[in-house]
2 protein chains.
Amino acid sequence: MSEQTRPAKLGRLATYAGRSLEVLRDMILDGTLAPGERLNEVHLSQALGISRGPLREAIQRLASEGLVEAVTHRGVYVRSFSPRELSDLYELRIALETHAVRLAARHAPEERIEELSRLLDHTESSMGVDTTGAYPADQDFHARLAGLAAKPPLVVALTDVGRKIQLARARSAHQPRRARTALDEHRAIVTALTSRDGDHAAALIEAHLVSSLNNALAVLGTEETD
Amino acid sequence: MSEQTRPAKLGRLATYAGRSLEVLRDMILDGTLAPGERLNEVHLSQALGISRGPLREAIQRLASEGLVEAVTHRGVYVRSFSPRELSDLYELRIALETHAVRLAARHAPEERIEELSRLLDHTESSMGVDTTGAYPADQDFHARLAGLAAKPPLVVALTDVGRKIQLARARSAHQPRRARTALDEHRAIVTALTSRDGDHAAALIEAHLVSSLNNALAVLGTEETD
DNA sequence: GAACTGACAACTGTCAACAGTTTTCTATAT
DNA sequence: ATATAGAAAACTGTTGACAGTTGTCAGTTC
(Lines give C-alpha, C1' and ligand atoms only; values in the text may rest on other atoms or scores of the structure.)
Protein backbone atom coordinates (compact mmCIF):
# COMPACT_ATOMS: atom_id res chain seq x y z
CA MET A 1 0.00 0.00 0.00
CA SER A 2 2.39 2.64 1.20
CA GLU A 3 4.98 4.05 -1.15
CA GLN A 4 7.65 3.26 1.37
CA THR A 5 7.29 -0.48 1.12
CA ARG A 6 8.24 -0.77 -2.51
CA PRO A 7 11.71 -2.03 -3.52
CA ALA A 8 12.87 1.52 -3.12
CA LYS A 9 16.30 0.69 -4.34
CA LEU A 10 15.56 3.16 -7.08
CA GLY A 11 14.65 6.68 -6.11
CA ARG A 12 11.94 8.75 -7.67
CA LEU A 13 13.32 8.26 -11.14
CA ALA A 14 12.59 4.55 -11.03
CA THR A 15 15.44 3.73 -13.36
CA TYR A 16 19.07 2.98 -12.71
CA ALA A 17 20.19 4.83 -15.82
CA GLY A 18 18.35 7.99 -14.79
CA ARG A 19 19.57 7.88 -11.24
CA SER A 20 23.13 7.16 -12.31
CA LEU A 21 23.04 10.20 -14.55
CA GLU A 22 22.22 12.47 -11.65
CA VAL A 23 24.70 10.83 -9.32
CA LEU A 24 27.49 11.00 -11.86
CA ARG A 25 26.68 14.58 -12.81
CA ASP A 26 26.83 15.56 -9.16
CA MET A 27 30.10 13.72 -8.72
CA ILE A 28 31.55 15.60 -11.67
CA LEU A 29 30.22 18.99 -10.68
CA ASP A 30 31.34 18.71 -7.05
CA GLY A 31 34.79 17.53 -8.05
CA THR A 32 34.56 13.95 -6.80
CA LEU A 33 35.40 13.06 -10.37
CA ALA A 34 38.07 15.58 -11.31
CA PRO A 35 38.60 17.13 -14.74
CA GLY A 36 40.78 14.90 -16.89
CA GLU A 37 39.95 11.89 -14.78
CA ARG A 38 38.90 8.71 -16.49
CA LEU A 39 35.56 7.05 -15.83
CA ASN A 40 36.20 3.35 -15.43
CA GLU A 41 32.98 1.55 -16.29
CA VAL A 42 33.69 -1.53 -14.23
CA HIS A 43 34.70 0.35 -11.11
CA LEU A 44 31.87 2.84 -11.40
CA SER A 45 29.22 0.20 -12.00
CA GLN A 46 30.42 -1.67 -8.91
CA ALA A 47 30.49 1.51 -6.86
CA LEU A 48 26.94 2.32 -7.92
CA GLY A 49 25.83 -1.26 -7.51
CA ILE A 50 24.51 -1.61 -11.03
CA SER A 51 25.60 -3.23 -14.27
CA ARG A 52 27.42 -1.50 -17.09
CA GLY A 53 24.35 -1.21 -19.30
CA PRO A 54 22.47 1.59 -17.55
CA LEU A 55 25.77 3.16 -16.56
CA ARG A 56 26.77 3.51 -20.18
CA GLU A 57 23.42 5.10 -20.97
CA ALA A 58 24.03 7.68 -18.29
CA ILE A 59 27.50 8.34 -19.65
CA GLN A 60 26.11 8.96 -23.12
CA ARG A 61 23.96 11.73 -21.73
CA LEU A 62 26.90 13.24 -19.87
CA ALA A 63 28.81 13.22 -23.14
CA SER A 64 25.92 14.93 -24.87
CA GLU A 65 25.88 17.53 -22.10
CA GLY A 66 29.54 18.17 -22.72
CA LEU A 67 30.64 17.20 -19.22
CA VAL A 68 32.66 14.22 -20.38
CA GLU A 69 34.51 13.38 -23.53
CA ALA A 70 34.25 9.90 -24.98
CA VAL A 71 37.08 8.40 -27.01
CA THR A 72 36.28 5.15 -28.79
CA HIS A 73 37.89 2.13 -27.17
CA ARG A 74 39.87 4.44 -24.95
CA GLY A 75 37.41 5.52 -22.30
CA VAL A 76 35.55 8.65 -21.29
CA TYR A 77 37.18 11.51 -19.46
CA VAL A 78 35.83 14.35 -17.41
CA ARG A 79 36.18 17.46 -19.52
CA SER A 80 38.60 20.13 -18.50
CA PHE A 81 38.33 23.72 -19.64
CA SER A 82 41.04 26.23 -20.35
CA PRO A 83 40.68 29.83 -19.14
CA ARG A 84 39.93 30.77 -22.72
CA GLU A 85 37.13 28.22 -22.89
CA LEU A 86 35.75 29.44 -19.61
CA SER A 87 35.67 32.97 -21.01
CA ASP A 88 33.86 31.80 -24.12
CA LEU A 89 31.30 30.00 -21.99
CA TYR A 90 30.73 33.11 -19.94
CA GLU A 91 30.37 35.21 -23.06
CA LEU A 92 27.64 32.92 -24.30
CA ARG A 93 25.99 32.99 -20.92
CA ILE A 94 26.05 36.76 -20.95
CA ALA A 95 24.37 36.85 -24.34
CA LEU A 96 21.68 34.47 -23.15
CA GLU A 97 21.13 35.94 -19.74
CA THR A 98 20.95 39.57 -20.87
CA HIS A 99 18.38 38.45 -23.40
CA ALA A 100 16.47 36.61 -20.67
CA VAL A 101 16.49 39.54 -18.31
CA ARG A 102 15.18 41.90 -20.99
CA LEU A 103 12.28 39.55 -21.60
CA ALA A 104 11.70 39.25 -17.88
CA ALA A 105 11.61 43.01 -17.46
CA ARG A 106 8.91 43.25 -20.08
CA HIS A 107 6.72 40.26 -19.35
CA ALA A 108 7.39 38.73 -15.94
CA PRO A 109 4.45 39.01 -13.53
CA GLU A 110 4.95 41.27 -10.56
CA GLU A 111 4.62 38.47 -8.02
CA ARG A 112 7.30 36.31 -9.62
CA ILE A 113 9.74 39.19 -9.30
CA GLU A 114 8.79 39.70 -5.67
CA GLU A 115 9.34 36.00 -5.14
CA LEU A 116 12.87 36.46 -6.37
CA SER A 117 13.34 39.37 -4.00
CA ARG A 118 12.19 37.29 -1.05
CA LEU A 119 14.58 34.55 -2.11
CA LEU A 120 17.42 37.05 -1.74
CA ASP A 121 16.17 38.04 1.70
CA HIS A 122 16.24 34.43 2.74
CA THR A 123 19.69 33.92 1.27
CA GLU A 124 21.03 36.95 3.12
CA SER A 125 19.64 36.00 6.50
CA SER A 126 20.96 32.44 6.27
CA MET A 127 24.30 33.79 5.12
CA GLY A 128 25.04 35.72 8.28
CA VAL A 129 26.53 32.70 9.97
CA ASP A 130 28.53 31.13 7.19
CA THR A 131 28.68 31.40 3.42
CA THR A 132 28.44 27.66 2.87
CA GLY A 133 25.76 27.13 0.31
CA ALA A 134 26.24 30.57 -1.17
CA TYR A 135 27.07 29.07 -4.52
CA PRO A 136 23.93 26.90 -4.70
CA ALA A 137 21.95 29.99 -3.78
CA ASP A 138 23.62 31.87 -6.59
CA GLN A 139 22.75 29.14 -9.03
CA ASP A 140 19.20 29.05 -7.80
CA PHE A 141 18.89 32.79 -8.34
CA HIS A 142 20.12 32.61 -11.91
CA ALA A 143 17.91 29.62 -12.68
CA ARG A 144 14.81 31.45 -11.41
CA LEU A 145 15.85 34.56 -13.27
CA ALA A 146 16.02 32.57 -16.49
CA GLY A 147 12.61 31.15 -15.68
CA LEU A 148 11.10 34.65 -15.57
CA ALA A 149 11.64 34.96 -19.30
CA ALA A 150 9.11 32.15 -19.73
CA LYS A 151 10.91 30.74 -22.75
CA PRO A 152 11.69 27.05 -22.26
CA PRO A 153 14.39 26.83 -24.96
CA LEU A 154 16.20 29.71 -23.32
CA VAL A 155 16.12 27.95 -19.97
CA VAL A 156 17.47 24.79 -21.58
CA ALA A 157 20.31 26.67 -23.24
CA LEU A 158 21.21 28.45 -20.02
CA THR A 159 21.10 25.23 -18.06
CA ASP A 160 23.48 23.63 -20.54
CA VAL A 161 26.02 26.42 -20.49
CA GLY A 162 25.58 26.81 -16.73
CA ARG A 163 26.57 23.22 -16.08
CA LYS A 164 29.67 23.55 -18.20
CA ILE A 165 30.65 26.71 -16.38
CA GLN A 166 30.12 25.00 -13.06
CA LEU A 167 32.46 22.24 -14.19
CA ALA A 168 34.98 24.70 -15.59
CA ARG A 169 35.02 26.50 -12.25
CA ALA A 170 35.35 23.12 -10.60
CA ARG A 171 37.09 23.55 -7.32
CA SER A 172 37.15 27.32 -7.51
CA ALA A 173 33.89 27.54 -5.62
CA HIS A 174 32.73 30.97 -4.60
CA GLN A 175 34.83 32.78 -2.11
CA PRO A 176 33.19 34.12 1.06
CA ARG A 177 34.07 37.71 0.21
CA ARG A 178 32.53 37.48 -3.24
CA ALA A 179 29.29 35.98 -1.89
CA ARG A 180 28.42 39.30 -0.27
CA THR A 181 29.13 41.27 -3.43
CA ALA A 182 27.18 38.85 -5.56
CA LEU A 183 24.16 39.21 -3.33
CA ASP A 184 24.24 42.98 -3.66
CA GLU A 185 24.51 42.66 -7.43
CA HIS A 186 21.58 40.28 -7.45
CA ARG A 187 19.54 42.78 -5.51
CA ALA A 188 20.31 45.56 -7.95
CA ILE A 189 19.15 43.35 -10.79
CA VAL A 190 15.85 42.59 -9.08
CA THR A 191 15.37 46.29 -8.40
CA ALA A 192 15.87 47.05 -12.08
CA LEU A 193 13.36 44.35 -12.93
CA THR A 194 10.83 45.80 -10.51
CA SER A 195 11.08 49.13 -12.25
CA ARG A 196 10.83 47.30 -15.59
CA ASP A 197 14.10 48.73 -16.79
CA GLY A 198 15.30 45.95 -19.08
CA ASP A 199 18.34 47.78 -20.41
CA HIS A 200 19.57 48.57 -16.94
CA ALA A 201 18.94 45.03 -15.72
CA ALA A 202 20.83 43.68 -18.72
CA ALA A 203 23.77 45.97 -18.01
CA LEU A 204 23.80 44.90 -14.38
CA ILE A 205 23.64 41.21 -15.27
CA GLU A 206 26.51 41.64 -17.68
CA ALA A 207 28.63 43.42 -15.10
CA HIS A 208 27.74 40.80 -12.53
CA LEU A 209 28.76 37.95 -14.82
CA VAL A 210 31.95 39.69 -15.89
CA SER A 211 33.09 40.07 -12.31
CA SER A 212 32.05 36.49 -11.63
CA LEU A 213 34.23 35.41 -14.55
CA ASN A 214 37.13 37.56 -13.42
CA ASN A 215 36.87 36.13 -9.96
CA ALA A 216 36.96 32.61 -11.36
CA LEU A 217 39.88 33.40 -13.63
CA ALA A 218 41.80 34.93 -10.75
CA VAL A 219 41.27 31.87 -8.59
CA LEU A 220 42.29 29.58 -11.43
CA GLY A 221 45.35 31.70 -12.04
CA THR A 222 46.63 31.70 -8.48
CA GLU A 223 45.78 28.07 -7.92
CA GLU A 224 48.82 25.89 -8.34
CA THR A 225 48.69 22.13 -8.68
CA ASP A 226 48.65 20.60 -5.23
CA MET B 1 47.00 -2.25 -44.94
CA SER B 2 44.31 -0.37 -46.73
CA GLU B 3 41.46 1.09 -44.78
CA GLN B 4 39.05 -0.58 -47.15
CA THR B 5 39.87 -4.12 -46.14
CA ARG B 6 38.82 -3.84 -42.52
CA PRO B 7 35.49 -5.29 -41.34
CA ALA B 8 33.91 -2.09 -42.60
CA LYS B 9 30.52 -2.99 -41.22
CA LEU B 10 30.95 0.11 -39.11
CA GLY B 11 31.59 3.36 -40.89
CA ARG B 12 34.09 5.95 -39.87
CA LEU B 13 32.73 6.13 -36.34
CA ALA B 14 33.75 2.56 -35.61
CA THR B 15 30.95 2.05 -33.13
CA TYR B 16 27.38 0.88 -33.55
CA ALA B 17 26.09 3.33 -30.98
CA GLY B 18 27.69 6.30 -32.71
CA ARG B 19 26.51 5.28 -36.13
CA SER B 20 23.02 4.54 -34.90
CA LEU B 21 22.85 8.01 -33.41
CA GLU B 22 23.52 9.61 -36.77
CA VAL B 23 21.20 7.28 -38.64
CA LEU B 24 18.37 7.83 -36.18
CA ARG B 25 18.92 11.57 -36.10
CA ASP B 26 18.72 11.69 -39.87
CA MET B 27 15.59 9.54 -39.84
CA ILE B 28 13.97 11.93 -37.39
CA LEU B 29 15.07 15.09 -39.16
CA ASP B 30 14.01 13.91 -42.61
CA GLY B 31 10.65 12.72 -41.34
CA THR B 32 11.17 8.99 -41.73
CA LEU B 33 10.37 8.87 -38.05
CA ALA B 34 7.49 11.31 -37.69
CA PRO B 35 6.83 13.57 -34.69
CA GLY B 36 4.78 11.74 -32.08
CA GLU B 37 5.85 8.38 -33.43
CA ARG B 38 7.12 5.77 -31.04
CA LEU B 39 10.57 4.27 -31.34
CA ASN B 40 10.23 0.53 -30.85
CA GLU B 41 13.56 -0.75 -29.63
CA VAL B 42 13.11 -4.28 -30.92
CA HIS B 43 11.98 -3.25 -34.37
CA LEU B 44 14.61 -0.55 -34.71
CA SER B 45 17.44 -2.76 -33.54
CA GLN B 46 16.43 -5.37 -36.10
CA ALA B 47 16.12 -2.75 -38.83
CA LEU B 48 19.59 -1.45 -38.02
CA GLY B 49 20.98 -4.95 -37.63
CA ILE B 50 22.30 -4.35 -34.11
CA SER B 51 21.30 -5.29 -30.59
CA ARG B 52 19.33 -3.10 -28.23
CA GLY B 53 22.35 -2.07 -26.16
CA PRO B 54 24.04 0.39 -28.51
CA LEU B 55 20.63 1.42 -29.82
CA ARG B 56 19.57 2.52 -26.36
CA GLU B 57 22.78 4.49 -25.98
CA ALA B 58 22.00 6.33 -29.19
CA ILE B 59 18.47 7.01 -27.99
CA GLN B 60 19.78 8.52 -24.76
CA ARG B 61 21.72 11.05 -26.78
CA LEU B 62 18.71 11.87 -28.90
CA ALA B 63 16.78 12.45 -25.71
CA SER B 64 19.51 14.72 -24.43
CA GLU B 65 19.40 16.62 -27.72
CA GLY B 66 15.69 17.11 -27.25
CA LEU B 67 14.71 15.28 -30.42
CA VAL B 68 12.89 12.50 -28.59
CA GLU B 69 11.09 12.28 -25.30
CA ALA B 70 11.59 9.24 -23.10
CA VAL B 71 8.88 8.04 -20.74
CA THR B 72 9.92 5.38 -18.28
CA HIS B 73 8.55 1.95 -19.11
CA ARG B 74 6.42 3.52 -21.79
CA GLY B 75 8.78 4.16 -24.65
CA VAL B 76 10.42 7.09 -26.38
CA TYR B 77 8.60 9.31 -28.81
CA VAL B 78 9.76 11.70 -31.49
CA ARG B 79 9.16 15.18 -30.15
CA SER B 80 6.54 17.35 -31.75
CA PHE B 81 6.53 21.11 -31.46
CA SER B 82 3.63 23.51 -31.32
CA PRO B 83 3.74 26.74 -33.32
CA ARG B 84 4.39 28.51 -30.07
CA GLU B 85 7.36 26.30 -29.33
CA LEU B 86 8.68 26.84 -32.83
CA SER B 87 8.47 30.60 -32.26
CA ASP B 88 10.34 30.31 -28.99
CA LEU B 89 13.05 28.27 -30.66
CA TYR B 90 13.40 30.88 -33.38
CA GLU B 91 13.56 33.65 -30.82
CA LEU B 92 16.46 31.93 -29.12
CA ARG B 93 18.12 31.36 -32.44
CA ILE B 94 17.76 35.03 -33.28
CA ALA B 95 19.40 36.02 -30.00
CA LEU B 96 22.29 33.65 -30.65
CA GLU B 97 22.76 34.35 -34.31
CA THR B 98 22.63 38.12 -34.02
CA HIS B 99 25.27 37.81 -31.35
CA ALA B 100 27.33 35.56 -33.59
CA VAL B 101 27.10 37.87 -36.55
CA ARG B 102 28.20 40.87 -34.50
CA LEU B 103 31.26 38.96 -33.41
CA ALA B 104 31.91 37.88 -36.97
CA ALA B 105 31.69 41.43 -38.23
CA ARG B 106 34.34 42.46 -35.74
CA HIS B 107 36.77 39.57 -35.82
CA ALA B 108 36.24 37.26 -38.78
CA PRO B 109 39.18 37.22 -41.21
CA GLU B 110 38.52 38.70 -44.62
CA GLU B 111 39.10 35.44 -46.45
CA ARG B 112 36.56 33.49 -44.40
CA ILE B 113 33.92 36.03 -45.34
CA GLU B 114 34.86 35.79 -48.99
CA GLU B 115 34.59 32.03 -48.67
CA LEU B 116 31.03 32.47 -47.53
CA SER B 117 30.37 34.73 -50.49
CA ARG B 118 31.69 32.13 -52.90
CA LEU B 119 29.51 29.52 -51.24
CA LEU B 120 26.49 31.64 -52.13
CA ASP B 121 27.68 31.93 -55.71
CA HIS B 122 27.91 28.19 -55.92
CA THR B 123 24.48 27.75 -54.35
CA GLU B 124 22.95 30.18 -56.79
CA SER B 125 24.44 28.60 -59.88
CA SER B 126 23.38 25.11 -58.88
CA MET B 127 19.93 26.41 -58.01
CA GLY B 128 19.07 27.50 -61.53
CA VAL B 129 17.80 24.09 -62.47
CA ASP B 130 15.90 23.02 -59.38
CA THR B 131 15.74 24.10 -55.75
CA THR B 132 16.26 20.62 -54.38
CA GLY B 133 18.97 20.91 -51.81
CA ALA B 134 18.20 24.54 -51.12
CA TYR B 135 17.46 23.76 -47.49
CA PRO B 136 20.78 21.95 -46.89
CA ALA B 137 22.51 24.91 -48.51
CA ASP B 138 20.67 27.24 -46.14
CA GLN B 139 21.75 25.19 -43.16
CA ASP B 140 25.30 25.11 -44.39
CA PHE B 141 25.32 28.87 -44.72
CA HIS B 142 24.07 29.41 -41.19
CA ALA B 143 26.50 26.86 -39.80
CA ARG B 144 29.44 28.58 -41.46
CA LEU B 145 28.17 31.94 -40.35
CA ALA B 146 28.14 30.73 -36.75
CA GLY B 147 31.63 29.44 -37.27
CA LEU B 148 32.86 32.91 -38.17
CA ALA B 149 32.29 34.02 -34.59
CA ALA B 150 35.03 31.59 -33.57
CA LYS B 151 33.31 30.76 -30.28
CA PRO B 152 32.82 27.01 -29.92
CA PRO B 153 30.13 27.19 -27.22
CA LEU B 154 28.12 29.48 -29.45
CA VAL B 155 28.37 27.02 -32.31
CA VAL B 156 27.25 24.22 -30.02
CA ALA B 157 24.25 26.20 -28.81
CA LEU B 158 23.26 27.13 -32.33
CA THR B 159 23.62 23.56 -33.50
CA ASP B 160 21.35 22.38 -30.70
CA VAL B 161 18.61 24.88 -31.37
CA GLY B 162 19.05 24.45 -35.11
CA ARG B 163 18.34 20.74 -34.91
CA LYS B 164 15.20 21.29 -32.90
CA ILE B 165 14.01 23.86 -35.39
CA GLN B 166 14.69 21.48 -38.23
CA LEU B 167 12.56 18.87 -36.49
CA ALA B 168 9.84 21.39 -35.67
CA ARG B 169 9.67 22.39 -39.31
CA ALA B 170 9.65 18.71 -40.15
CA ARG B 171 7.90 18.22 -43.45
CA SER B 172 7.55 21.93 -44.12
CA ALA B 173 10.80 22.00 -46.02
CA HIS B 174 11.72 25.16 -47.82
CA GLN B 175 9.47 26.23 -50.63
CA PRO B 176 11.04 26.93 -54.03
CA ARG B 177 9.86 30.53 -54.01
CA ARG B 178 11.39 31.22 -50.62
CA ALA B 179 14.75 29.73 -51.64
CA ARG B 180 15.38 32.65 -53.96
CA THR B 181 14.47 35.22 -51.32
CA ALA B 182 16.59 33.50 -48.70
CA LEU B 183 19.59 33.57 -51.00
CA ASP B 184 19.22 37.31 -51.52
CA GLU B 185 18.95 37.83 -47.79
CA HIS B 186 22.06 35.75 -47.24
CA ARG B 187 23.90 37.91 -49.74
CA ALA B 188 22.90 41.07 -47.98
CA ILE B 189 24.22 39.65 -44.71
CA VAL B 190 27.57 38.81 -46.26
CA THR B 191 27.76 42.28 -47.76
CA ALA B 192 27.18 43.82 -44.34
CA LEU B 193 29.89 41.57 -42.93
CA THR B 194 32.31 42.63 -45.64
CA SER B 195 31.80 46.26 -44.68
CA ARG B 196 32.18 45.24 -41.02
CA ASP B 197 28.77 46.64 -40.13
CA GLY B 198 27.76 44.36 -37.25
CA ASP B 199 24.59 46.20 -36.35
CA HIS B 200 23.33 46.09 -39.90
CA ALA B 201 24.25 42.44 -40.29
CA ALA B 202 22.44 41.65 -37.05
CA ALA B 203 19.34 43.48 -38.22
CA LEU B 204 19.43 41.61 -41.53
CA ILE B 205 19.86 38.26 -39.82
CA GLU B 206 16.94 38.98 -37.53
CA ALA B 207 14.71 39.96 -40.45
CA HIS B 208 15.84 36.91 -42.35
CA LEU B 209 15.01 34.58 -39.48
CA VAL B 210 11.69 36.26 -38.79
CA SER B 211 10.56 35.73 -42.37
CA SER B 212 11.87 32.18 -42.21
CA LEU B 213 9.77 31.62 -39.11
CA ASN B 214 6.72 33.23 -40.67
CA ASN B 215 7.13 31.08 -43.72
CA ALA B 216 7.29 27.96 -41.56
CA LEU B 217 4.29 29.02 -39.49
CA ALA B 218 2.28 29.71 -42.64
CA VAL B 219 3.08 26.29 -44.05
CA LEU B 220 2.21 24.63 -40.76
CA GLY B 221 -1.02 26.60 -40.60
CA THR B 222 -2.28 25.73 -44.07
CA GLU B 223 -1.13 22.14 -43.82
CA GLU B 224 -4.00 19.87 -42.86
CA THR B 225 -3.60 16.33 -41.68
CA ASP B 226 -3.39 14.07 -44.71
C1' DG C 1 -24.45 -3.25 -23.34
C1' DA C 2 -20.91 -1.14 -20.18
C1' DA C 3 -17.67 -1.73 -16.55
C1' DC C 4 -14.57 -4.69 -14.27
C1' DT C 5 -11.20 -8.63 -13.67
C1' DG C 6 -7.52 -11.49 -14.84
C1' DA C 7 -4.59 -13.79 -18.07
C1' DC C 8 -1.67 -13.02 -22.06
C1' DA C 9 1.35 -10.52 -25.14
C1' DA C 10 4.52 -6.84 -26.08
C1' DC C 11 7.90 -3.99 -24.60
C1' DT C 12 11.28 -1.61 -21.65
C1' DG C 13 14.97 -2.02 -17.97
C1' DT C 14 18.71 -4.75 -16.43
C1' DC C 15 22.20 -8.17 -16.21
C1' DA C 16 26.03 -11.37 -17.12
C1' DA C 17 28.90 -13.22 -20.51
C1' DC C 18 31.49 -12.82 -24.94
C1' DA C 19 34.46 -10.35 -28.43
C1' DG C 20 37.77 -7.15 -29.90
C1' DT C 21 40.86 -3.40 -28.79
C1' DT C 22 44.13 -0.97 -26.05
C1' DT C 23 47.38 -0.86 -22.50
C1' DT C 24 50.70 -2.93 -19.52
C1' DC C 25 54.21 -5.93 -18.39
C1' DT C 26 57.77 -9.13 -19.30
C1' DA C 27 61.34 -11.21 -21.82
C1' DT C 28 64.57 -10.75 -25.36
C1' DA C 29 67.83 -8.55 -28.31
C1' DT C 30 70.79 -4.74 -29.41
C1' DA D 1 70.86 0.28 -20.12
C1' DT D 2 67.60 1.01 -23.94
C1' DA D 3 64.69 -0.42 -27.22
C1' DT D 4 61.71 -3.93 -29.07
C1' DA D 5 58.58 -7.68 -29.69
C1' DG D 6 55.18 -10.62 -27.69
C1' DA D 7 52.14 -12.28 -24.25
C1' DA D 8 48.94 -11.13 -20.55
C1' DA D 9 45.75 -8.06 -18.31
C1' DA D 10 42.37 -4.52 -18.34
C1' DC D 11 38.87 -2.32 -20.43
C1' DT D 12 35.38 -0.96 -23.86
C1' DG D 13 31.77 -2.49 -27.32
C1' DT D 14 28.26 -5.73 -28.13
C1' DT D 15 25.14 -9.42 -27.51
C1' DG D 16 21.37 -12.52 -25.96
C1' DA D 17 18.67 -13.74 -22.15
C1' DC D 18 15.98 -12.61 -17.94
C1' DA D 19 12.90 -9.59 -15.02
C1' DG D 20 9.37 -6.40 -14.29
C1' DT D 21 6.04 -3.23 -16.17
C1' DT D 22 2.56 -1.67 -19.36
C1' DG D 23 -0.99 -2.44 -22.58
C1' DT D 24 -4.35 -5.60 -24.68
C1' DC D 25 -8.09 -8.64 -24.90
C1' DA D 26 -11.21 -12.16 -23.75
C1' DG D 27 -14.37 -13.50 -20.25
C1' DT D 28 -17.34 -12.27 -16.53
C1' DT D 29 -20.48 -9.58 -13.81
C1' DC D 30 -23.84 -6.07 -13.06
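Per the geometry, NE2 belonging to A/His43 stands 13 Å off C1' belonging to D/dT12, to the nearest Å. For the pair B/His73 NE2 and D/dA19 C1', the interatomic distance rounds to 10 Å; values are reported in whole Å. Distance, A/Glu57 CD to C/dG13 P: 7 Å, rounded to whole Å. In this structure, CZ of B/Arg52 is placed 15 Å from P of D/dA19, rounded to the nearest angstrom. As a whole-Å value, the separation of A/Leu39 CG from D/dT12 P is 9 Å. Counting to the nearest Å, the P atom of C/dC11 and the CG atom of B/Leu55 are 14 Å from each other. Whole-Å rounding puts the B/Asn40 CG to C/dA10 P distance at 11 Å. Between B/Leu48 atom CG and D/dT14 atom C1' the separation is 14 Å, expressed in whole Å.
The closest side-chain donor-acceptor pair between A/Glu91 and B/His99 falls under 3.5 angstrom. Between B/Ser51 and B/Tyr16, the side chains place no donor N or O within less than 3.5 Å of an acceptor N or O (distance only, hydrogens not considered). Under 3.5 Å, the side chains of A/Ser212 and A/Arg169 contain a donor-acceptor pair of N or O atoms. Side chains of B/Ser211 and B/Arg178: a donor-acceptor N/O pair is present below 3.5 angstrom, by distance only.
For A/Thr72, the side-chain atoms get nearest to D/dG13 when compared with the rest of D/dT15, C/dT14, D/dG13. Out of C/dG13, D/dT15, C/dT12, the shortest distance to the side chain of B/Ile50 is found at D/dT15. Relative to the side chain of B/Arg38, the nucleotides D/dT14, C/dC11, C/dT14 differ in distance, and C/dC11 lies closest. Comparing C/dT14, D/dT14, D/dC11 by their closest approach to the side chain of A/Pro54 singles out C/dT14. For A/Ser51, whose side chain is taken as the heavy atoms from C-beta onward, the closest listed nucleotide among C/dC15, D/dG13, D/dA17 is C/dC15.
Of the side-chain N and O atoms in A/Arg74, one or more sit less than 4.0 angstrom from OP1 or OP2 of C/dT23. Residue B/Arg56 places none of its side-chain N or O atoms closer than 4.0 Å to OP1 or OP2 of C/dT12.
Aromatic pair A/His186/A/His142: centroids less than 6.0 angstrom apart.
Nearest-nucleotide assignment on DNA chain C puts the 5′-proximal partner with A/Gly53, out of A/Gly53 and A/Tyr77.
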